[in-house]
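Working notes for the structure below.
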Amino acid sequence: MKLYANIIIDISHEKLDKTFQYEVPEHLRDSLRIGMLVVVPFGNGGRRIKGYVIELTEEPEFDPARIKEIIKIDADGTRIESQLIVLAAWMRRTYGATMNQCLKTVIPIKHKTAVKERKILHLQLEESVAREQLLEYKRKRYTARERLLAALIENPALEYEVVTGKLNVSSSVIRTLEEQCVLTVERVRTYRNPVQGLTRKETKITLNPMQQQAVEAIRQNAKMPEPKTCLIHGVTGSGKTEVYMELIADAIREGKQSIVLIPEIALTYQTVMRFYHRFGERVSILNSKMSAGERYDQFERAKNGELDVMIGPRSALFTPFPRLGYIIIDEEHESSYKSETMPRYHARETAIERAKLSGGIVVLGSATPAVESYYRAESGEYLLVELSQRVREKLLPTCYIEDLRKELAAHNYSILSRRLQGLMEERLLRGEQTMLFLNRRGMSGFVSCRSCGYVVKCPHCDVSLSAHNNGMLKCHYCGYEQPMVKTCPSCGSPYIGGFKAGTQKIELMVQKRFPNARILRMDMDTTRNKEGYEKILSAFANQEADILIGTQMIVKGHDFPNVTLVGVLAADLSLYTGDYRAAERTFQLVTQAAGRAGRGEKPGEAVIQTYQPEHYSVVAAAAQDYIAFYEQEMMYRKMLRYPPVWNMMVALAASSSEECAKAAAEAIVGLTEKDADEKLLLIGPTEPAVAKVSDIYRQVVYFKYDGYEYLTELRSRIEAFMENSPVFRDVMIQFDFNPMNGF
Ligand code: ADP
Ligand code: ZN
Ligand code: ZN
């Protein structure tokens, strides 16, 4: 069997899918690997050029007799591009996507507009010769040439843009004079620098003993032959960021570069400035507001050794640093670290793989670590580092859990409990600020009783049913359906229905209750653009309002020292998202929201309103007790065989024909029948939460298994099956492993 290699010639080109196939000669079979740089004959003349191997296959793409052989492996094959190609191949294997999708994710693509060049024209003639030439142009009425040359005699170096702009000389004229050796064009590459022009004041904080201990532990680990991923578990304000910076400084001393991942929403000016004050211009940032060209520039600067630190959201993980030191992932539990497009990779897992390939170390940090991370730390796979105290001895806020069922029983029909109203009143009198947090997760139409808190659930799946417009209640996991209920099945109360209250409605209600209060609202409507978001936050920070109402967005980023009260309006809403991470997400959100109260000198209070005051995620969040939450949650995950104890793969079949999508999903299920493996648990086929997108019908199948390998093997089998089934030609298959956001 012959072996063929698919090769990309121009790695940073927009058309990454342009591959060329070559035969792997016998003597290279054992040594050739994906990612290697090779020399191949190209074109009719057989010109020798270099290319990267991105795939190895036994299947020739065209007539094998016409496929040329690879000449040799290039010695210069340890470049960063090679590492990233190997990483892309790993992502392809692990998450199931095409190699092309994976390459596009990891390799920064050069766009035509990307390179910003400064071009400078230099006069090449001596002045006397130039003046003669000028007369010549005048005689021949070459007016444009005359203008240009006259200007160059005045000023022997001119910006290209000035010449084409102010002097109105065309580029073809410039080219002609260049060809005639009247002038030369110098090309200076410039890269945009996002932190240029900031004023830096160097600050050096001395770490406290606890931080010092954390740094030492991570340093010791770094000296081991196989360093572990580190997890720093520490409440907000415990000084994690200072620890990160100390580690980055270590890496810089060794000539290594580091990447800091921060959720985009928390990537504020304040955060960037802290790194800038410490590391100066050798820090750069990436964010989603940048153009492709700006992003490409930052990647080029990283590759050229101009930078030591790159800060950014998920995609900054692929910064092409030649010598990787640390990859730090702050707020590592955030769901934004999981990609929602193919390949559906998780930045944490991918960072660990990248570190393994390139010799770096991953450091995770969070006040509320993802259950899977803490599980790995507990089992010794990660190194656990605890920062258990805040740097400035500040008390945690006092938390009250308010039972919304009791409010209704006491004829309080407001969305604000009596306690919350009372505390808000106090704040208004004292000139302090309040934040009201609406948990928007799980607003997808679940039905609950306002008298007793009963939630209508699926009898088969233990997830809440969703109300549909056709008057039916439906389970998104198994497809079970029943008619909408009129009274509460548990207590008979007629106050049962979908819980829907947007931020706008809440603003009106709050305004009615507190007519003199100045209220700001932050949600998707008021923050269409980035400025909107910053404007609201700074207005609130400047105390231009008494109350800020908002969704998830307000629990991150800025510190507001004058906020002494936080109200979580319906803490348990996120419990009904219908997925196994619901309790975890609720715990994280409520902990974070409560933690916003009392950041300044004044002590804070938090009111957590809920229909499930006894739910462990709410109780543990109010007590700011991560371990208590974790232990309960792990019991549940073990019992129901969810990640991190087991692994889960979701296969999504999408087609413009509903029947085709269903048939494909059923065929996929059929593929596992002969496995007869009792360890395989299967749910579906069923509709995902969003069953139809732009007229494309979607069906999902969930597979649970204790190991990961079986699932990836199953995935390859499904892919091969789909490829070889002409009837499913129009069905697209996507996979998601250990999902975070669902399809
Ligand atoms: P985290 O990242 O865990 O939220 P930070 O590193 O942001 O914590 O620290 C919280 C605050 O305490 C910051 O204002 C930081 O400048 C300050 N801080 C951190 N460590 C020290 C220290 N050792 N001495 C003095 N101030 C510190
Ligand atoms: Zn009821
Ligand atoms: Zn169900």
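Whatever order the structure lists ligands and atoms in, that order sets their numbers, starting from 1.
Under 4.0 angstrom from ligand 1, there are no non-hydrogen atoms of V243. For T206, every heavy-atom contact with ligand 1 shorter than 4.0 Å involves the backbone, none the side chain. At a 4.0 Å heavy-atom cut-off, ligand 1 touches I205 through the side chain alone.
Checked by distance only, ligand 1 and G237 come closer than 3.5 Å through their nitrogen or oxygen atoms.
Within the structure, the closest approach of V235 to ligand 1 falls below 4.0 Å when heavy atoms are considered. In this structure, G234 has no heavy atom closer than 4.0 Å to ligand 1.
Partners of R348 according to the side-chain contact (heavy atoms from CB on, under 4.5 Å) rule, which considers only residues two or more places apart in sequence or in another chain, are I329, E332, H346, I352, L364, A370, E372, S373, Y382. Qualifying ring-ring contact (aromatic ring centres under 6.0 Å, His included) partners for W646, counting only residues two or more places apart in sequence or in other chains: none.
Aromatic pair Y374/Y626: ring centres closer than 6.0 Å. Taking the six-membered ring where the residue is Trp, the centroids of Y708 and F737 are separated by under 6.0 Å.
Short contacts between ligand 1 and N208, defined as distances under 4.0 Å to a heavy atom of the residue, involve ligand atoms 23 (N). Taking every heavy atom of E242 and a limit of under 4.0 angstrom, the matching atoms of ligand 1 come to 6 (O), 16 (O), 19 (C), 20 (N). Each of the following atoms of ligand 1 lies closer than 4.0 Å to a heavy atom of L207: 23 (N).
The shortest contact between atom 2 (O) of ligand 1 and any protein heavy atom is with T241 OG1, 2.6 Å. What sits closest to atom 11 (C) of ligand 1 on the protein, heavy atoms only, is R392 NH1, 4.3 Å. When only non-hydrogen protein atoms are considered, atom 27 (C) of ligand 1 lies nearest to V391 CG1, 3.5 Å. Scanning the protein for heavy atoms near atom 20 (N) of ligand 1, the closest one is Q211 NE2, 2.9 Å. Nearest protein neighbour of atom 8 (O) of ligand 1, counting heavy atoms only, is G239 N, 3.0 Å. In this structure, atom 7 (O) of ligand 1 lies nearest to the protein heavy atom R274 NH1, 2.6 Å.
With hydrogens and angles ignored, the 3.5 Å screen pairs a side-chain donor or acceptor of R637 with a backbone N or O of P643.
Looking only at side-chain heavy atoms (C-beta outward), E381 and K228 stay at 4.5 Å or farther from each other. Between P369 and H333, every side-chain heavy-atom pair lies at or beyond the 4.5 Å cut-off. Two residues are said to be in side-chain contact when any heavy atoms from C-beta on lie closer than 4.5 Å; R295 and Q298 fail this criterion. In this structure, the side chains of L384 and E378 stay at 4.5 Å or more apart for every pair of heavy atoms.
Ion pairing between a basic and an acidic side chain is recognised when a charged N comes within 4.0 Å of a carboxylate O; E544 and K535 show no such pairing.
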